[in-house]
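Data first, discussion second: the structure below is written as structure tokens.
Just so we're clear, the structure is a prediction, and the values are computed from it rather than from any experiment. Here is how names work: the chains are called A, B, and so on, in the same order as the sequence lines, proteins then strands, and each is numbered from 1.
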Amino acid sequence: MRRRDFMRRLVKATAAAAVASGAAFALHKPARMAGPTRAQARPLPDFSVESAGRRMAIVTGPDRAKTVQRAFAALGGIEKFIGRGNRVLLKVNAAFALPPALGATTHPELVAEVTRLCYQAGATAVIVTDNPINDPQSCFRLTGIARAAEAAGARVVMPTESLFKPATLLEGRLIHDWPVLIGPFDGVTKLIGIAPVKDHNRSGASMTMKNWYGLLGGARNVFHQDIHTIILELAMLVRPTLVILDGTTTMVTNGPTGGSLDDLKQTNTMIVSTDQVAADAFGATLLGKRLSDLPFIVRAAAAGLGTADFESLKPARDSVM
Amino acid sequence: MNVFQRQRTCTETAIGLGILLCLAAIVVVVLLAQRNFNPAVRVATRSWSAPAPGLTVPGERQRAQPGSAQVGFTAYAPAGVVEFGPVEEFDEDTLSDKINGKADLYLTSGFRRLRCQRFALAGGEDEWFEWFVYDMGTMPQAFAVYSIQRRPEAKPVELTEFAYATRNALYFVCGQFYVEAVAATPSAKLMEAVVAMARNYVAAIKPGRMHLAELELFPAEDMVPYSQTLQIATAFGFDGFNNIFTAKYNADGKQVLAYITVLAEPQQAATLAQDYYRFLIANGGRDVASADALSGVKMVSLLDSYEVVLSHGNIVGGVHAAQSKEVAERVALKLLKHLASKTGGQPN
């Protein structure tokens, strides 16, 4: 081949590759998104209270209202975290249209009590939201969450399509141009995640970090194939003020839906923590699981999101009957 | 000189063949991987198409149209029980919209369709239950999802061969259907209504005698009651282990899992047993000599537990994750003797 022929072919091939790449770039549209809005690189602010540090309270007792009150008291009072004029978002687990007795969702008594405590601390608004797996109206109604939240003065925000916006976690691999329930966060200054302790068929457990899964929209079930990574990325995406892990009853088998009261174990424990990794690590003990059974906790700790050695936080312990 | 007019050298021919072989190997690997593709991924990544009539639409979460109530379960409701919601239907594309992380269990066990509906006691809105009917395609597949989720402390119910109740729920197999009825509260009145509805349903479906001959291949002595299960695919993490029946045995105060699967030919059983043995070794297992009475049976020590693999005629069986060698041998011997008494013949 002559040099001239070689150069000619090389130029043609380069031009063809450039045209193809340019066309692909121009035509690219994230398939999962309904609208053309560009993804936000930092879709959610950091809601943590720096001065509070990493704290944890573990209170035993059968009454959710009493144990959560005592847990906040053990941490120095809810005022350490919620201040006057704050607008607080409670991210509950309302995933299934099941009654509260089955322990598959956040208990309405706990939602009501935390709402009341937030207002008592000076909050001007409390918003309750989730993007359930089943029909949202049925979920919020049959779980009792809507009625309890509204009775306590909170506003329940249903996950309508307009409330989802595409989001990207820059350091993530899975959350890329993915619809996230960002709308309810408008004007919010504090975020509290409230989740029950549950066995989970895919991830091994569903607790505070898995609870953020309810912020995802779209065909999110695809993430079940890499469940530990998506939980890790959600924990990176969401920096809450606090998490509340309700281990009053623990769904020890057949999670995440359960169905039978026999799937539940009375464990009488309430955990309030600024460290979601530590909260989940403690929750694992209620499920009788080791950290090696729950890789998302180990990975979250390795990523610096918290500590799996919850004892290192010297948790405040108390009991209330 | 034009390169295409030049004579090919042996080296070039060898490189060309090498590349072709690599490509062929890649194709084989891709095909093998695709063969075991998780159905949940297939479902989740499939582009949405128009839903079948009466199905809910993912994302929109539409309720079934009123007209679909005719395919609901009202006809089976006893007196005093009224509809508390419309019929909902889910196929393999949408099952996760109803049961989330549990969907995999059903999808890998032959799931076809789920229909469900809520009912309540007349005049009592807080006293409701949800009726789920999973069409699993075949009775053994329905038994599989029933058995894997069976609550150990639950009580059997005289309804079908496979039925039990807990304080607030009833679970049973009815032909190719696996039925769950989950009550909102553990009310006796509500559970009476649930059981009455189940009797109406069974009478209408007429499932006939449900018999799984494989269950009789397990010795009854020391078996934990109602511990038998069927795993349709990839039991113990081994791709080759499909349709594996298991049963738990009490031994020295601990529970040990025995398993069997029945194949068409003895040669297939021998090959499968050998493949599983190789799988265990490839995953860090260590070959261990077994007792004389178990000659010809493979025993592997793996992660502080013991596995026994045997083939007997067209049956592959063994013990999974026993905590001691003695217990593994004892249960394996019991299983082997029982297989011999049931089927005759000797271990392969």
Side-chain angles (χ1 to χ4, degrees), chain A residues 1-2 5-6 31-32 34 95-102 104 131-139 141-144 158-159 161 164 179 198-206 210 213-214 217-227 252-264, chain B residues 1-4 37-38 40-48 56 58-63 84-86 88 93-105 116 118 126-130 132 148-155 164-171 180-186:
Chain A
M1 182 184 287
R2 289 176 304 179
D5 290 339
F6 173 75
R32 314 169 194 108
F96 305 105
L98 292 170
L102 296 187
N131 179 29
I133 288 151
N134 300 161
D135 166 58
Q137 296 285 349
S138 303
C139 288
R141 181 169 64 95
L142 295 176
T143 57
M158 295 289 171
E161 194 176 333
F164 288 89
K198 298 196 293 179
D199 165 59
H200 194 282
N201 188 49
R202 295 287 312 179
S203 60
S206 173
K210 173 73 170 63
Y213 200 85
R220 60 186 173 183
N221 289 328
V222 69
F223 293 133
H224 274 155
Q225 303 313 310
D226 198 354
I227 192 77
V252 289
T253 55
N254 288 307
T257 52
S260 170
L261 292 172
D262 286 16
D263 296 324
L264 304 179
Chain B
M1 188 179 73
N2 190 321
V3 291
F4 299 110
F37 208 55
N38 189 314
V41 173
R42 183 169 52 80
V43 167
T45 54
R46 185 182 297 169
S47 59
W48 302 120
T56 52
E60 296 179 15
R61 297 189 177 94
Q62 288 177 351
R63 293 291 184 82
F84 189 52
E88 293 178 287
D93 287 351
T94 57
L95 182 61
S96 290
D97 293 349
K98 185 65 180 174
I99 61 170
N100 187 243
K102 256 194 203 174
D104 275 0
L105 168 66
C116 49
R118 293 188 191 94
D126 289 337
E127 293 196 298
W128 58 272
F129 64 90
E130 191 161 9
F132 300 80
I148 289 169
Q149 299 177 84
R150 196 185 191 289
R151 280 75 179 172
E153 305 303 323
K155 294 174 184 168
Y164 70 91
T166 66
R167 285 171 291 163
N168 72 309
L170 175 68
Y171 305 88
E180 293 186 342
V182 177
T185 61

### Query
Between Gly259(A) and Val182(B), what is the shortest heavy-atom contact and its length?
O-CG1, 3.0 Å
### Query
Distance from Ser138(A) atom OG to Glu88(B) atom CD, nearest 0.5 Å?
6.5 Å
#### Entry: Residues in side chain to side chain donor-acceptor pair (under 3.5 Å) contact with Gln149(B), at least two apart in sequence or another chain
Lys102(B), Tyr106(B)
### Task
Would you mind checking which part of Phe132(B) comes under 4.5 Å of any heavy atom in chain A, side chain (CB onward), backbone (N, CA, C, O), both or neither?
neither
### Query
Do Arg118(B) and Leu142(A) come within less than 4.5 Å of each other through their side chains, counting heavy atoms only?
yes
### Query
What heavy-atom pair brings Pro256(A) and Gly101(B) nearest, and what distance separates the two atoms?
CG-N, 3.9 Å
### Task
Answer yes or no: is there a side-chain heavy-atom contact under 4.5 Å between Asn201(A) and Asn100(B)?
no
### Message
At a 4.5 Å cut-off on heavy atoms, which part of Leu261(A) comes close to chain B: side chain, backbone, both, or neither?
### Response
both
### Query
Measuring heavy-atom distances to chain A, does Glu180(B) have an atom under 4.5 Å in its side chain, in its backbone, in both, or in neither?
neither
### Query
What distance separates Ile133(A) CD1 from Lys98(B) NZ, expressed to the nearest 0.5 Å?
11.0 Å
### Task
Counting only heavy atoms closer than 4.5 Å, note whether Ala97(A) contacts chain B via side chain, backbone, both or neither.
both
### Query
Looking only at heavy atoms, what is the nearest atom pair of Ser260(A) and Asn168(B), with distance?
CA-OD1, 3.3 Å
### Task
Answer yes or no: is there a donor N or O on one side and an acceptor on the other, between the side chain of Arg151(B) and the main chain of Asp262(A), under 3.5 Å?
no
### Message
Suppose we screen for side chain to side chain donor-acceptor pair (under 3.5 Å). Which residues come up paired with Thr185(B), at least two apart in sequence or across chains?
### Response
none
#### Entry: Minimum heavy-atom distance Ala184(B)-Ala101(A), with the two atoms named
O-CB, 3.9 Å
## Note on the structure
Rounded to the nearest 0.5 angstrom, the CZ-CG distance for Arg220(A) and Asp97(B) is 8.5 Å
### Minimum heavy-atom distance between Phe96(A) and Ile99(B), given as atom pair plus value
CE2-C, 4.3 Å
